[in-house]
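Computed from a predicted structure; not experimentally measured. In this chain, residues are counted from 1 in sequence order.
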Amino acid sequence: MFISDYIGFNFIVLEALDQAVGFFGKYGFRRVKRHNELLVMAMKVKDLKDS
């Protein structure tokens, strides 16, 4: 059971430094956009549930 089943969110979003992009990419996060010196990355909760 996931908390997203109760409160209804579809994405997990984070801001990563350039040197951390590879780390988060290994876990399924994808680049969305750049915000100043940080890169916004996101993952669908559905993808997390399927893994």
Ignoring hydrogens, what is the shortest heavy-atom contact between R31 and L39? Give both atom names and the distance. CG-CD2, 3.5 Å

Can you tell if the side chain of L14 reaches within under 4.5 Å of the side chain of F24, non-hydrogen atoms only? yes

hydrophobic_cluster_shared for L38 and V40, side chain cutoff 4.5 Å: no

Verify the cluster assignment for I12 and L17: are they in a single hydrophobic cluster under the rule of side-chain heavy atoms below 4.5 Å apart? no

Value for CG (D47) from CZ (F29), rounded to nearest 0.5 Å, stands at 10.5 Å

Taking the side chain as every heavy atom from C-beta outward, state whether M43 and R30 have any pair of such atoms under 4.5 Å apart. no

Hydrophobic cluster membership, with links at side-chain heavy-atom distances under 4.5 Å among I/L/V/M/F/W/Y: are F11 and V32 in one? yes

Starting from the C-alpha separation in whole Å, work towards a yes-or-no answer on side-chain contact (heavy atoms from CB on, under 4.5 Å) for R34 and D18. CA-CA 10 Å; R34 178 161 295 282; D18 287 332; 2.7 Å; yes

With hydrophobic residues grouped by side-chain heavy-atom distances under 4.5 Å, do F9 and Y27 end up in a single group? yes

Shortest non-hydrogen contact between M41 and A16, atoms and distance: SD-CB, 3.9 Å

